[in-house]
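Below is one structure, written out as structure tokens; the observations come after it.
To find a chain, count down the sequence lines: A is the first, B the second, and so on, and within it residues start at 1.
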Amino acid sequence: MLLIETIREHVLAVLPELFEGSFGPSDFQVSQTKPEFEGDYTVVLFSLVKKLKKSPDEIGKLLGEKLTEKYPDLYTGYSLLKGFMNLTIAEPYWVDMLSKHYTDPCFGKGEMRNQKVMVEYSSPNTNKPLHLGHLRNNFLGWSIAEILKANGYEVIKSCIVNDRGIHICKSMIAWQRFANGATPESSGMKGDHFVGDYYVKFNDAYKKEVEGLVSQGMKQEEAEKEAPIMKATQEMLLQWEKGDPEVIDLWRKMNGWVYSGFDITYKTIGSDFDVIYYESDTYLLGKDAVEDGLAKGVFFRKDDGSVWIDLTADGLDEKLLLRRDGTSVYITQDIGLAKKKYEQYKIDQSIYVIGDEQNYHMKVLKLICQKLGLPYADGIHHLSYGMVELPTGKMKSREGTVVDADDLVQEMVNISAQHTQELGKVKDFPEEALQELYETIGLGALKFFLLRVDPKKKMIFNPEESIDFHGFTGPFIQYTHARIKSILRKEQADTGYTLAKTGLLPLEKELLVSIEQYGMVLKQSAEELNPSVIAIYAYNLAKTFNSFYAEHSVANAESEEKKQLRLRICGMTAVVLSSSLQLLGMSVPERM
RNA sequence: GGUCCCGUAGCUCAGUUGGAUAGAGCGGCAGCCUUCUAAGCUGUAGGCCAUUGGUUCGAAUCCAAUCGGGAUCACCA
């Protein structure tokens with residue numbers, strides 16, 4: 001059991017023995033003791049002071065005496081300061097923890113809990129390549145899935161590919177008009193970039209047409225509707241829906257180009273999926289849910305035949321579910337897909353990794369499912385993340401102010417190659433291993449950069465300043481791991497050696513305290529669906545290790561006892577760092 | 001206009017769900033490689049936690065108002 005939970009239980013067990021009444025977890029808080037005070041863990045007594053109407057000192061004294069008396073193996077002492085009771089944990093606890101787990105590669109991970117969770121992430125449009133915002137989504141989704149696995153959930157990674165709609169038709173029209181039969185092969189381009197270029201070409205042509213119409217005296221709004229290229233695009237969408245063979249053929253061809261491009265990007269950044277849904281397969285789903293909703297009186301039909309739900313009582317608006325021509329809209333498809341996911345996998349929870357611009361939409365989706373009484377409604381959870389913005393504001397594909405995913409990854413790999421070569425520590429590596437190392441470090445820097453921030457918060461990326469490789473970064477932690485491995489290559493812990501239970505130096509103990517908290521961190525990151533908890537933790541552990549490394553020698557330790565102790569600490573630190581980074585989608589090098 | 005989110009060091013971010021003297025990295029300054037990897041370590045400067053009021057033993061954290069920034073409210077996705 002995690003130490004902090006043990007302490008909570010002990011306090012909870014002891015309180016009724018000392019005082020009248022019943023006690024719950026909210027009657028006190030347990031936290032790590034601040035470094036400037038003596039002790040390891042702190043019980044905050046103020047809530048009890050209020051409840052029991054006794055002085056903090058009186059409560060603390062009784063509680064401290066009782067705890068040290070009842071659990072002498074765990075608590076060797078306590079000190080009281082205002083309403084804080086600082087407990088000192090018995091040194092053997094740390095040494096025992098080390099001896100017990102130092103060879104355990106699964107340290108910190110949770111028990112299986114027989115719960116199935118689907119994590120939907122990435123969900124690209126097929127009209128343009130991935131950009132920095134997609135990277136945040138992909139890294140978050142992948143990481144959350146792994147974190148949930150580490151906490152004992154069964155996880156299914158899914159993706160909905162938005163492969164049909166007006167946006168694809170724009171690229172298609174532009175290709176028809178401007179490409180002269182060019183292909184990714186003939187132009188030597190990655191397929192997704194190739195198609196993306198035609199999306200841009202569409203918008204350029206469209207803009208020109210609108211300007212032309214406006215200069216002839218048409219109003220902006222009308223011009224946007226009347227521009228011939230836009231009308232042609234809408235016509236194409238209708239043809240697509242009718243299944244016109246020529247349009248379908250072109251659509252297949254261009255989507256195929258995009259997929260071959262995406263495959264490369266996904267492989268590089270390490271995104272993978274257990275199931276991929278295509279909007280072209282699912283966009284008709286959800287219509288039966290509309291019938292169901294009408295029958296239940298949850299939805300209503302207007303005179304023109306369109307179907308709506310009134311959510312004004314919930315503080316939202318009226319929401320359309322079916323157009324008057326009977327075709328479905330985005331939310332209808334989502335209801336259908338949610339149902340399909342549930343029927344297919346019998347999932348307990350369904351997590352959607354989607355940007356916070358869709359907070360309203362996701363709120364509506366969940367609410368409608370709840371009102372329909374669908375069994376999976378309560379399990380729907382929107383993992384809402386903030387946009388990645390540039391110092392100049394939002395990224396916009398149409399205005400060309402996007403940071404392209406492939407470009408950025410390549411740049412990161414180049415920079416890591418440059419650093420690595422300058423440092424010259426791995427000159428003996430064969431070319432293939434070098435390339436792998438450059439990717440490990442470059443991608444590590446990028447992933448850590450995007451995952452170290454709370455997902456809910458929007459973040460700013462400045463393309464002028466390249467992502468750092470020093471300080472609070474992925475490479476810093478990778479480097480720490482490589483340093484440890486360097487020690488362990490020369491010397492291994494003697495498994496037959498029995499460690500003394502006491503005499504830990506401050507930094508040795510600090511490392512053990514930090515390592516012990518790994519399980520708690522994993523749990524917290526899963527509960528909050530927040531990888532940054534792990535990123536911050538791993539950084540702090542690495543930092544503590546580097547202080548330790550500068551202060552104490554392992555190989556030339558002052559005694560055999562210290563050497564054996566430190567080798568085990570090294571081993572466990574390496575496992576925890578490696579495991580942490582793995583959950584963030586990063587690999588750790590043996591050398592760098 | 002309605003609803004929702006955000007404002008912490010020059011910059012990028014933490015702040016354990018209301019607890020002790022608000023912390024990191026980058027950037028600045030000053031040191032540390034003859035010893036396990038200097039992508040490192042140590043020290044130092046830098047703050048009216050947007051503003052004002054409230055709630056209480058205690059507020060960056062909760063409430064209200066104000067100022068500033070953003071998202072969303074489509075028969076778009």
Side-chain angles (χ1 to χ4, degrees), chain A residues 4 29-34 36-37 42 44-47 49-50 56 81-84 86 125 162 164-167 279 302 304 306-308 315-325 327-331 333-334 355-361 363-364 384 386-387 389 391 393-394 416 419-420 422-423 425-426 441 445 449 452-454 456-462 465 468-480 482-491 517 520-521 524 528 532-533 536 539-540 542-543 546-557 566 570 591-592:
Chain A
I4 196 161
Q29 293 95 40
V30 181
S31 59
Q32 196 179 351
T33 303
K34 301 226 166 196
E36 56 266 36
F37 301 100
T42 296
V44 186
L45 304 169
F46 291 106
S47 311
V49 170
K50 205 168 201 175
L81 196 61
K82 296 198 242 171
F84 301 94
N86 298 327
N125 287 359
N162 301 116
R164 55 132 245 146
I166 196 81
H167 48 289
E279 196 196 333
K302 286 194 177 174
D304 63 4
S306 57
V307 176
W308 298 75
L316 306 175
D317 304 281
E318 285 192 352
K319 188 86 191 167
L320 177 88
L321 286 124
L322 220 51
R323 297 188 183 102
R324 67 174 160 231
D325 63 5
T327 55
S328 56
V329 291
Y330 189 54
I331 192 98
Q333 304 171 29
D334 276 349
D356 61 9
E357 56 196 357
Q358 294 199 37
N359 283 353
Y360 178 79
H361 174 81
K363 206 167 161 183
V364 169
S384 164
M387 297 288 107
E389 293 179 7
K394 265 189 91 171
S416 95
H419 281 292
T420 306
E422 277 167 9
L423 290 166
K425 293 176 181 177
V426 288
I441 298 171
F449 178 81
R452 70 178 194 182
V453 180
D454 186 331
K456 287 193 295 296
K457 299 197 173 175
K458 73 173 179 201
M459 59 188 297
I460 293 175
F461 172 78
N462 189 347
E465 304 164 11
D468 221 316
F469 285 63
H470 303 269
F472 183 20
T473 68
F476 173 91
I477 304 170
Q478 291 171 321
Y479 173 71
T480 308
R483 279 182 135 183
I484 298 173
K485 286 298 179 162
S486 173
I487 296 172
L488 296 178
R489 266 194 301 279
K490 294 180 178 116
E491 203 120 23
Q517 291 170 343
M520 186 186 72
V521 166
Q524 191 193 342
E528 295 177 12
S532 78
V533 173
I536 293 164
Y539 167 67
N540 284 322
K543 209 161 86 110
N546 280 320
S547 299
F548 162 84
Y549 182 92
E551 185 80 16
H552 304 294
S553 176
V554 178
N556 298 313
R566 289 173 191 167
C570 283
R591 291 175 55 191
M592 67 184 271

Distances under 3.5 Å only, N/O to N/O: pair up the protein atoms with those of nucleotides 59-64 of chain B.
none

Along nucleotides 33-38 of chain B, 5' to 3', which nucleotides get a B, which get an S, and which get a -, given that the test is a protein heavy-atom distance under 4.0 Å? --SBBS
Arg566(A) side chain vs Ser553(A) backbone, donor-acceptor pair below 3.5 Å: yes
Please work out if Phe469(A) contacts a base, only the sugar-phosphate, or nothing of the nucleic acid, heavy-atom cut-off 4.0 Å. base
For His552(A), the ring pair (Phe, Tyr, Trp, His ring centres under 6.0 Å) test, sequence neighbours excluded, returns Phe548(A)
Report the residues that fulfil ring pair (Phe, Tyr, Trp, His ring centres under 6.0 Å) with Phe461(A), sequence neighbours left out, ordered by chain and then residue number. Phe449(A)
Which heavy-atom pair separates Ile484(A) from Cys570(A) by the least distance, and what is that distance? CG2-O, 3.3 Å
Could you run down nucleotides 6-22 of chain B 5' to 3' and tag each one B, S or - for protein heavy-atom contact under 4.0 Å? ------SSS--B-BB--
Excluding sequence neighbours, so at least two apart, what forms side-chain contact (heavy atoms from CB on, under 4.5 Å) with Asn462(A)? Pro391(A), Glu464(A), Glu465(A)
Applying ring pair (Phe, Tyr, Trp, His ring centres under 6.0 Å) to His419(A) and not counting sequence neighbours gives Phe469(A)
By ring pair (Phe, Tyr, Trp, His ring centres under 6.0 Å), Phe476(A) pairs with (sequence neighbours left out) Tyr539(A)
Under a 4.0 Å heavy-atom criterion, the protein footprint on nucleotides 72-77 of chain B, written with B, S and -, is SS-BSB
Just N and O in the side chain of Ser547(A): are any of them under 4.0 Å from OP1 or OP2 of U42(B)? yes
Residue list, salt bridge (Lys or Arg N to Asp or Glu O under 4.0 Å) with Glu551(A), at least two apart or on another chain: none
As an exercise, state the distance from NZ of Lys458(A) to CE of Met387(A), rounded to the nearest 0.5 Å. 11.0 Å
Need one value for Asn546(A): base, sugar-phosphate or nothing, where a base atom within 4.0 Å counts as base even if backbone is also close, heavy atoms only. sugar-phosphate
For RNA chain B, what dot-bracket results from Watson-Crick or G-U pairs at under 3.5 Å, with [ ] for crossers and | for inter-strand partners? (((((((..((((.....[...)))).(((((.......))))).....(((((..]....))))))))))))....
Reckon Lys543(A) touches a base, only the sugar-phosphate, or nothing at all at heavy-atom distances under 4.0 Å? sugar-phosphate
NA contact type, Thr420(A), heavy-atom cut-off 4.0 Å: base, sugar-phosphate, or nothing? base
Reckon Ile441(A) touches a base, only the sugar-phosphate, or nothing at all at heavy-atom distances under 4.0 Å? base
Going by side-chain contact (heavy atoms from CB on, under 4.5 Å), name the residues that satisfy it together with Lys34(A), two or more places apart in sequence or in a different chain. Glu36(A), Phe37(A)
